[in-house]
There are 2 protein chains.
Amino acid sequence: MRSEAPTIQDVARAAGVSTATVSRALSAPNRVSERTRHIVLEAVAETGYVANEMARNLRQQKSNSICVIAPDLSNPFFSFIISGIEQISGPMGYGVFVTESGLSQNDKTRIVNLMAAARVDGFIVLDGMLDHSLLKARGRSGQRAPIIAACEWKAGSITPSVIVDNVGGAVEAVKHFAALGHTNIGHITGPDGNILTETRIQGFKKGIEASGLEYRDEFILEGGFSLESGYEAAEKWLRMADRPTAMFCASDREAFGFISRLSKDGVRVPHDVSVIGFDDIEVSGYFVPALTTISQPRVEIGRVAATKLFDLIKNDGESNVVEQTSQLDVTLVVRESTAPPPSS
Amino acid sequence: MRSEAPTIQDVARAAGVSTATVSRALSAPNRVSERTRHIVLEAVAETGYVANEMARNLRQQKSNSICVIAPDLSNPFFSFIISGIEQISGPMGYGVFVTESGLSQNDKTRIVNLMAAARVDGFIVLDGMLDHSLLKARGRSGQRAPIIAACEWKAGSITPSVIVDNVGGAVEAVKHFAALGHTNIGHITGPDGNILTETRIQGFKKGIEASGLEYRDEFILEGGFSLESGYEAAEKWLRMADRPTAMFCASDREAFGFISRLSKDGVRVPHDVSVIGFDDIEVSGYFVPALTTISQPRVEIGRVAATKLFDLIKNDGESNVVEQTSQLDVTLVVRESTAPPPSS
DNA sequence: TTAAGGCATGTAATCGTTTACAAATGATTT
DNA sequence: AAATCATTTGTAAACGATTACATGCCTTAA
């Protein structure tokens, strides 16, 4: 019963070679003769040796892990992205740290320290509201750990990022309504100050114009992506004298909240009002009615972000291989929450 | 423009003391005189020193991070638990790794290596289907890294775990149906072989008995927790000659799939059939109809699991402070998917 | 035949901390 | 006044890998 874990020394002793040779046999097999490689591999198997990551990390000055900063880990939207990130990172031998970027000062200094303490080799930020200053903090050795922004990002940022075609998605949505014959189209926005909110509003307006319709400011209802905010928007909608017959929601959850509230007053979707969401979360296809929505490739966002980050890490933060920002396409998926307007 | 990050040497030099003193001033302030502590702290501020985690980890033989193994990171159910774990871990200075325990052999060896390579100090396993052998693998220094199982776990396991009262929840659900006057109550199960599936079936039977009803095997429909499986179960239900007037679903998503399919055939919930779910995921309160369900404290599960794990880590895996397994309570939340049976 | 160069290997420095041990100082007890 | 002890600090040895450099050997070319 061995009480201590085998080190590279033990392997070297068992194989009758130096530790340098063992290290080379494992990490640069073509730098040793075939014979010794064989001997070493046998000694490794015999001793059950696995290299100690911590020692390796210290020597190589890299931690083989990255960190994902999400505003809220419990949000299913982010969890799909994280899944995508892990799918790329795991096989590459990188660990994925997750942290919540809540609002407490505590959280923030923790993130800064993460960087300064050389604990992670790079970041993927899912929180567009995160302090810019926070991310400009330099890490050890003067260099900043590479950062990729995914999904949300404040305008004017120079951080490489992966986004989806929010404008195009919103345009698609409006055009779909218009094609069905709607002329009074409204929009429930995302939270104030969010870049996604802005781009989707922008796309909404563009779609209205492209369809030759009149943009009406009073048809814009403020939301916040959440179920609750959609619910509240519905109450405003119910009080409107002149109601839009179609509502484009900035998120699926908003759409659910909206429909949920409406159904309590007996307003039927799509019979009385048509609804389109944004995201295509899992439950959307099973809602009653099944939700017509703009589908985002969430897992893919994570995969692309991770791929970009590793490229940056490999090239010491100076990649010209990857373009600054990748834009992924969204698609309109038509289900049952949209129909021609009620004939008045 | 400093190109290198300050090390403890730099601080020592600036403060005119030894590195040992700097280290002590930072990690054991009461071991140095107040005067030197002051000087050191000033030097730290001046140089912008932050201790290198990798060096610290190597020396102390601990990585200050834990690993969460989930079957599927994109599943919202797990993401709430992970959020809870992070809420505890972050402030304690621990990083949280997440990994997917897919089915490939690759994934598995990766997890074993994670342990052997001393990369993490402990595990929280959310996957009850994970190979037992995998987790028995010893880490460095002969000791196994502590493991906490959360939610799902194979019967007979000796691993400390945190679970919820699945049996009690199912009993509650059935009793609620019975109280409304239902006598023909059915159940859509979880996936085969899953411990949660079994305990909920067990609770279902217990509830039937406790309500003085007759247990009917043909009222048990096989499901798999997913939306799709609920959808398919509905098709079976529709084909039944003698239909239950109330269905207890092993998950909320199953319930959504079930209701969704039914609504396509004009079967109305709760008018024609009552439905209860299990989990109380976010959207449940906004479904149409709002879903009556058994609410699980998902974030709390994560927090408790993390707390237990850190206790184990601190006490070198030999804790007698925490009991082996903690059981958390669930609560029935009544919404709009349940009503008295249709008067025939 | 000799110089040059490539290959396989070993020696030892290095990464940046923490900490066991030793030493020095000052306070307290006998 | 000597012995004891606590307090503060420094010296140097870990932790366990990787890797720069040195060495010796063998091949090849002039």
Side-chain angles (χ1 to χ4, degrees), chain A residues 3-41 43-44 47-64 93 113 116-119 121 139-143, chain B residues 2-40 43-44 47-64 93 113 116-119 121 139-141:
Chain A
S3 72
E4 288 301 320
T7 74
I8 201 170
Q9 296 274 3
D10 299 320
V11 179
R13 205 170 305 127
V17 298
S18 74
T19 61
T21 301
V22 174
S23 177
R24 281 190 284 253
L26 292 174
S27 56
N30 53 336
R31 298 270 326 272
V32 301
S33 74
E34 191 176 349
R35 209 171 66 86
T36 34
R37 183 172 56 227
H38 229 82
I39 296 174
V40 169
L41 255 35
V44 166
T47 53
Y49 170 74
V50 175
N52 183 318
E53 270 286 323
M54 301 187 297
R56 188 207 301 270
N57 289 348
L58 174 59
R59 175 62 225 240
Q60 299 190 142
Q61 294 287 76
K62 62 197 290 275
S63 62
N64 290 307
N113 277 2
R119 196 167 176 171
D121 298 337
R140 297 195 76 79
S141 65
Q143 301 174 318
Chain B
R2 223 178 44 262
S3 73
E4 288 301 319
T7 73
I8 200 170
Q9 296 274 3
D10 299 320
V11 179
R13 204 170 307 127
V17 298
S18 73
T19 61
T21 301
V22 174
S23 177
R24 281 190 284 254
L26 292 174
S27 56
N30 52 338
R31 299 267 328 272
V32 301
S33 75
E34 190 175 349
R35 209 171 65 86
T36 36
R37 182 172 56 227
H38 228 83
I39 296 174
V40 169
V44 166
T47 55
Y49 170 75
V50 175
N52 182 318
E53 269 286 324
M54 302 188 295
R56 188 206 301 269
N57 289 348
L58 174 59
R59 176 60 225 237
Q60 299 190 141
Q61 294 287 77
K62 61 197 290 276
S63 62
N64 291 308
N113 276 2
R119 194 165 176 172
D121 298 336
R140 297 194 76 79
S141 66

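Throughout, protein chains are lettered first and strands after them, A, B, ... in sequence-line order, and every chain is numbered starting at 1. Note that these values count all heavy atoms, side chains included, but never hydrogens, waters or copies made by symmetry.
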Tell me the interatomic distance from [X], atom [atom1], to [N], atom [atom2], rounded to whole angstroms.
X       : N      : atom1 : atom2 : answer
A:Asn52 : C:dT17 : CG    : C1'   : 14 Å
A:Ile8  : D:dC15 : CD1   : P     : 15 Å
A:Lys62 : D:dA17 : NZ    : C1'   : 14 Å
B:Asn57 : D:dA17 : CG    : C1'   : 14 Å
A:Gln60 : C:dG16 : CD    : C1'   : 15 Å
A:Leu26 : D:dT19 : CG    : P     : 13 Å
B:Leu58 : D:dA14 : CG    : C1'   : 9 Å
B:Gln9  : D:dT11 : CD    : C1'   : 12 Å

To the closest 0.5 Å, what do you measure between [atom1] ([X]) and [atom2] ([Y])?
X       : Y       : atom1 : atom2 : value
B:Gln9  : B:Ser18 : CD    : OG    : 9.5 Å
A:Arg56 : A:Ser27 : CZ    : OG    : 7.0 Å
A:Arg31 : A:Leu26 : CZ    : CG    : 13.5 Å
B:Glu53 : A:Leu58 : CD    : CG    : 12.0 Å

> When every nucleotide of nucleotides 7-13 of chain C is labelled 5' to 3' by its protein contacts under 4.0 Å (heavy atoms), B for base, S for sugar-phosphate only, - for none, what sequence of letters results?
Replying inline: -SBBBBB

>> Looking at A:Tyr49, I'd like to know whether one of its side-chain N or O atoms comes within less than 4.0 Å of OP1 or OP2 on D:dA17.
In response: yes

> OP1 or OP2 of D:dG16 sitting under 4.0 Å from any side-chain N/O of B:Gln61?
Replying inline: yes

>> Quick check: do B:Met54 and A:Gln61 have side-chain heavy atoms less than 4.5 Å from each other?
In response: yes

> Does B:Asn57 reach the side chain of A:Asn57, with side-chain heavy atoms less than 4.5 Å apart?
Replying inline: no

>> Once side chain to side chain contact (heavy atoms under 4.5 Å, CB included) is applied, do any residues pair with B:Ser33, and if so which ones, sequence neighbours excluded?
In response: B:Arg35, B:Thr36

> So which nucleotide from D:dA17, D:dT18, C:dT19 ends up closest to the side chain of A:Ala55?
Replying inline: D:dA17

